Student: 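Below: one structure in structure tokens.
All chains are named by letter (A, B, ...) in the order of the sequence lines, taking the proteins before the strands, and each is independently numbered beginning at 1. Nothing here was measured: the structure is a model prediction, and the numbers come from that model.
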Amino acid sequence: MRIYNTLTNSKEDFKPVEEGFVGIYACGVTVYDNCHVGHARSAIVFDVMRRYLRYAGYKVKYVRNFTDIDDKIIKRANEDGTTWDEVARRYTGEYYRDMDMLGVERADIEPRATDHIHEMIEIISGLIEKGYAYNVDGDVFFEVDKFSGYGKLSKRDMKDMMAGARVDVDERKKNPMDFALWKSSKEGEPSWESPWGPGRPGWHIECSAMSRKHLGETFDIHGGGADLIFPHHENEIAQSEAYTGKEFARYWVHNGFITIDKEKMSKSLGNFFTIKEILGKFDPEVLRVFLLSTHYRSPIEFSDAILKETEAFLDRYYSTVMRIEDFCSKNAGERKQTDAGENLEHMTGSFMKRFEEAMNDDFNTALAIGHIYELIKEINRYIDSSPAGEGAKKLLQESLSMIKKAADVLNVFNRSPKEWYVALMKTRQVPLSEGDIEDRIKRRREARERKNWAEADALRDELLEMGVILEDTPGKTVWKVKIG
RNA sequence: GGCGGCGUACCCAAGUGGCUAAGGGAGAGGUCUGCAAAACCUUUAUGCGCCGGUUCAAAUCCGGCCGCCGCCUCCA
């Protein structure tokens, strides 16, 4: 398995610290507002990595934190006339609601910063003792000049950064790049007792403390969005390695951004869509598949058009499943094999190998999904060639089970066609029940038996008007929700 | 200004030294169908931003140029 490491800017063979075990720490969210689709991407990317590592036979311990104390949370609480912990609680709940919809599994450990104040104080004290940090009037700063590796992750030189450093540099810092480990609290702000007086932790220290506690001083994979490389992850490395004297994380993994008109989606630019907004218009599975259709390190341009395309793909998948089910439910006739069967057999037999090759190469979900498309096409080709008999059924079921096995790792395609269409009726706000549709299909069938094509077509058009498509197959008429 | 990344067909997108450059969407034509829809078939890059170079061999490596983006401040 090869994983791209931001530390070396290259793909490396993956070798965990401990044989057969992988420790992953991914930076989660600051719970001060609803998540946007950029947060969804990060969560889904690491969710899939963790699932695939597990599939590959590793025992995985996945840690993802919540930052539940920070300036933005305090600001939000003041705006809403509530307390910081109420804000954190509310948006942690919203986070779970969104992520559950998107099929993001809970992490094994989901630590909160405020539950680890003691561990943070321990590290900060140690850093002061070792001469890596200094206290000025109750604020404690990390002294970057003391840590020789500073800049190794983000590949920047101290001199270059000096040139870029700006905006209200705290005069008390020895170097403008020094960052806060502990911030003294002003009157009325939330605070915790510490050797340096009441205050709260700086942003970066929580990840050093929580990863150390739950994964040890050296662990395998540390990740997050690419915007965390500097300063957040750079600072984590400095703190942790200065404190322990050991290598912090082995592989640094960063996902790319979501863009709107080529620009990074972000709160400050205001060009973002919340997960909830998108889920009002599309099925959650559409968003998940869309985000996995591009390699995790590349930027993804976000648009309605591309989501519709993804929706059409999912529809194709569920339509194919419906065809397979239909075929298997009635086709027990004379054994008949076709040439297409050989192709399908071959493709099915090699499918998992190709899936694994794709995923082993830095989690190439885009390629993996491409392989799924190909197999779907081959399945349809086979059904079109009119095979028959138990052997044909078995082959189709085997092909479908391969797709499902791969899809399980991505956690997509896990519903029945019917569930998909019922869900789609809801998101598309089709003003009909299943019963209404079945009723019309029955009336249409009667009209067709009388060869009253005008009436049959009128019924079909009426349904189409409301967003439902009818498809006549040799045996029966099936319905789908119109896509596009 | 410093550092990093990207540029593959009408659109999305995989591919980072070697068989005919995956796959999907859209378009065109066809098979099937009462008509449709779906599915399938055919078709759409002698070509991978541009110019040089290395190599028996490059979209893939090196250099230069052009364009776009990101980080350097909170940010997934």
Side-chain angles (χ1 to χ4, degrees), chain A residues 6 9 11 26-30 32 35-46 70-72 75 151 154-157 159-169 177 203 223-232 234 254-259 262-269 272 290 293-295 297-301 303 305-306 308-310 312-313 315-316 319-320 322-323 340 354 358 361 364-385 448 451-454 456-457 460-461 464 469-474 477-480 482 484:
Chain A
T6 307
N9 276 358
K11 277 187 207 170
C27 289
V29 293
T30 300
Y32 76 105
C35 290
H36 59 65
V37 292
H39 300 107
R41 183 180 196 188
S42 197
I44 289 170
V45 161
F46 286 97
D70 131 292
D71 290 353
K72 290 193 290 293
K75 183 166 170 266
S154 54
K155 316 286 183 306
R156 51 193 90 204
D157 204 271
K159 293 192 297 288
D160 302 335
M161 287 192 289
M162 301 288 208
R166 55 183 174 84
V167 290
D168 44 285
V169 171
M177 296 311 297
W203 173 35
D227 44 8
L228 297 181
I229 295 170
F230 190 89
H232 185 53
E234 194 69 61
H254 294 97
N255 63 273
F257 303 125
I258 291 182
T259 59
K262 300 256 187 167
E263 273 188 325
K264 179 187 170 187
M265 177 183 288
S266 74
K267 281 240 132 142
S268 42
L269 283 170
F272 63 91
F290 162 68
S293 297
T294 299
H295 186 91
R297 281 190 283 115
S298 304
I300 300 188
E301 175 71 15
S303 71
I306 196 90
K308 281 186 180 149
E309 202 180 290
T310 307
F313 163 57
D315 194 66
R316 204 158 110 83
S319 296
T320 303
M322 204 149 72
R323 284 190 87 187
R354 280 178 294 134
D361 185 13
N364 195 337
T365 54
L367 183 58
I369 288 171
H371 292 328
I372 293 175
Y373 276 106
E374 280 181 295
L375 189 49
I376 287 174
K377 180 170 223 151
E378 200 54 47
I379 288 170
N380 278 310
R381 202 177 271 156
Y382 180 61
I383 296 176
D384 279 358
S385 73
R448 292 181 76 207
K451 300 227 188 296
N452 186 344
W453 307 126
D457 289 353
R460 185 171 62 194
D461 290 346
L464 183 63
I469 291 180
L470 295 189
E471 290 178 10
D472 298 325
T473 70
T477 297
V478 298
W479 63 270
K480 297 174 176 178
K482 189 175 183 292

Student: Holding to ring pair (Phe, Tyr, Trp, His ring centres under 6.0 Å), I want the full list of residues that pass it with A/F272, two or more places apart in sequence or in another chain.
Tutor: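 Partners of A/F272 under the ring pair (Phe, Tyr, Trp, His ring centres under 6.0 Å) test: A/H36.
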
Student: Which listed nucleotide (B/A37, B/A76, B/C40) is nearest to the side chain of A/R381?
Tutor: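 Per side-chain heavy atoms of A/R381, the pick is B/C40.
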
Student: B/G4, OP1 or OP2 - any side-chain N/O from A/N9 closer than 4.0 Å?
Tutor: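 So the side-chain polar atoms of A/N9 never come under 4.0 Å of the phosphate oxygens OP1 or OP2 of B/G4.
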
Student: Stem ranges for RNA chain B, with three or more consecutive Watson-Crick or G-U pairs under 3.5 Å?
Tutor: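 Runs of three or more consecutive pairs: B:1-7 with B:66-72, B:10-12 with B:23-25, B:27-31 with B:39-43, B:49-53 with B:61-65.
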
Student: To the nearest Å, give me how far apart CZ (A/F230) and P (B/A76) are.
Tutor: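 Going from A/F230 (CZ) to B/A76 (P), I get 17 Å.
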
Student: In whole Å, I'd like the distance from the CG atom of A/L470 to the P atom of B/A38.
Tutor: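 The answer, rounded to whole Å, is 13 Å.
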
Student: Examine distances only and state if a side-chain atom of A/T259 and a backbone atom of A/K264 form a donor-acceptor pair shorter than 3.5 Å.
Tutor: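 Answer holds: no.
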
Student: Does A/H295 have any ring pair (Phe, Tyr, Trp, His ring centres under 6.0 Å) partners at least two apart in sequence or in another chain, and if so, which?
Tutor: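 A/H295 satisfies ring pair (Phe, Tyr, Trp, His ring centres under 6.0 Å) with no residue once adjacent residues are dropped.
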
Student: Tell me whether A/K155 contacts the main-chain N or O of A/T6 through its side chain, where contact means a donor paired with an acceptor under 3.5 Å.
Tutor: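 Yes: the side chain of A/K155 pairs with the backbone of A/T6.
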
Student: Among all residues two or more places apart in sequence or in another chain, which pass the salt bridge (charged side-chain N to carboxylate O under 4.0 Å, His left out) test with A/E471?
Tutor: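 Here the qualifying residues are A/K480.
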
Student: When you measure from the side chain of A/E471, which nucleotide among B/C74, B/A76, B/A37 comes out closest?
Tutor: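 The listed nucleotide nearest to A/E471's side chain is B/A37.
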
Student: With P as the reference atom in both, quote the distance from B/G64 to B/C3 in angstrom, rounded to an integer.
Tutor: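 The answer is 12 Å between these two P atoms.
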
Student: With C1' as the reference atom in both, quote the distance from B/C68 to B/G25 in angstrom, rounded to an integer.
Tutor: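 Pairwise C1' distance, B/C68 against B/G25, rounds to 24 Å.
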
Student: Using the P atom as the reference point in each nucleotide, state the distance between B/G17 and B/C12 in Å, no decimals.
Tutor: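 Here B/G17 and B/C12 have their P atoms 25 Å from each other.
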
Student: Please measure how far the P atom in B/G52 lies from the corresponding atom in B/G47, and state the result in whole Å.
Tutor: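 Taking atom P in both B/G52 and B/G47, they lie 15 Å apart.
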
Student: Using a 4.0 Å heavy-atom cut-off to protein, can you give one letter per nucleotide of nucleotides 21-35 of chain B, 5' to 3': B if the base is in contact, S if only the sugar-phosphate is, - if neither?
Tutor: -BSBS--------BB

Student: Under 4.0 Å between a side-chain N/O of A/K262 and OP1 or OP2 of B/G67, yes or no?
Tutor: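 Answer is no, no contact under 4.0 Å.
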
Student: Can you tell me how far C1' of B/C69 sits from CG of A/L269, to the nearest Å?
Tutor: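 Rounded to the whole Å, the gap is 12 Å.
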
Student: Please state the P separation for the pair B/A37 and B/A26 - nearest whole angstrom.
Tutor: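 The answer is 13 Å between these two P atoms.
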
Student: What interatomic distance, in whole Å, is found between P of B/C69 and the corresponding atom of B/U8?
Tutor: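 Those two atoms are separated by 15 Å.
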
Student: Taking the same atom, P, in B/A9 and in B/G53, what whole-Å distance lies between them?
Tutor: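 The same atom, P, in both gives a distance of 25 Å.
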
Student: Within this structure, what is the OG-CD1 distance for the pair A/S303 and A/I258, rounded to the nearest 0.5 Å?
Tutor: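 The CD1 atom of A/I258 is 11.5 Å from OG of A/S303, to the nearest 0.5 Å.
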
Student: Using every non-hydrogen atom in the two residues, find where A/A26 and A/F46 come nearest and quote the distance to one decimal.
Tutor: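 Closest approach of A/A26 to A/F46, heavy atoms only: CB-CG, 4.1 Å.
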
Student: Could you check how far NZ of A/K11 sits from C1' of B/U60, rounded to whole Å?
Tutor: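 Value for this atom pair: 12 Å.
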
Student: Taking NZ from A/K480 and C1' from B/A36, how many angstroms apart are they, rounded to a whole number?
Tutor: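 From A/K480 NZ to B/A36 C1': 13 Å.
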
Student: Mind calculating the distance between CZ (A/R156) and P (B/G5) to the nearest angstrom?
Tutor: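 So the CZ-P distance, A/R156 to B/G5, works out to 12 Å.
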
Student: Round to the nearest Å and state the distance from A/H232 atom NE2 to B/C74 atom C1'.
Tutor: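 It works out to 12 Å between those atoms.
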
Student: Listed by chain and number, what are the ring pair (Phe, Tyr, Trp, His ring centres under 6.0 Å) partners of A/F290, not counting sequence neighbours?
Tutor: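 If we apply the ring pair (Phe, Tyr, Trp, His ring centres under 6.0 Å) test to A/F290, skipping adjacent residues, the hits are A/F302.
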
Student: Check whether any side-chain heavy atom of A/T477 sits under 4.5 Å from a side-chain heavy atom of A/R448, and report yes or no.
Tutor: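 They are in contact (side-chain heavy atoms under 4.5 Å apart), so the answer is yes.
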
Student: Write down the distance separating the P atoms in B/U44 and B/G2, rounded off to the nearest Å.
Tutor: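 That atom pair is separated by 46 Å.
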
Student: Verify the neighbour count for atom NZ of A/K75: are there more than 12 heavy atoms of other residues, nucleotides or ligands below 6.0 Å?
Tutor: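 Count not over threshold, so no.
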
Student: Between atom CG in A/N364 and atom C1' in B/U16, what is the gap in whole Å?
Tutor: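 The answer, rounded to whole Å, is 12 Å.
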
Student: In terms of side-chain heavy atoms of A/K155, which of B/C71, B/A14, B/C3 is nearest?
Tutor: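 Among B/C71, B/A14, B/C3, the one nearest the side chain of A/K155 is B/C3.
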
Student: Which atom pair, heavy atoms only, marks the closest approach of A/A368 to A/A358?
Tutor: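 Scanning both residues completely, I find the closest heavy atoms to be N-CB, 3.9 Å.
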
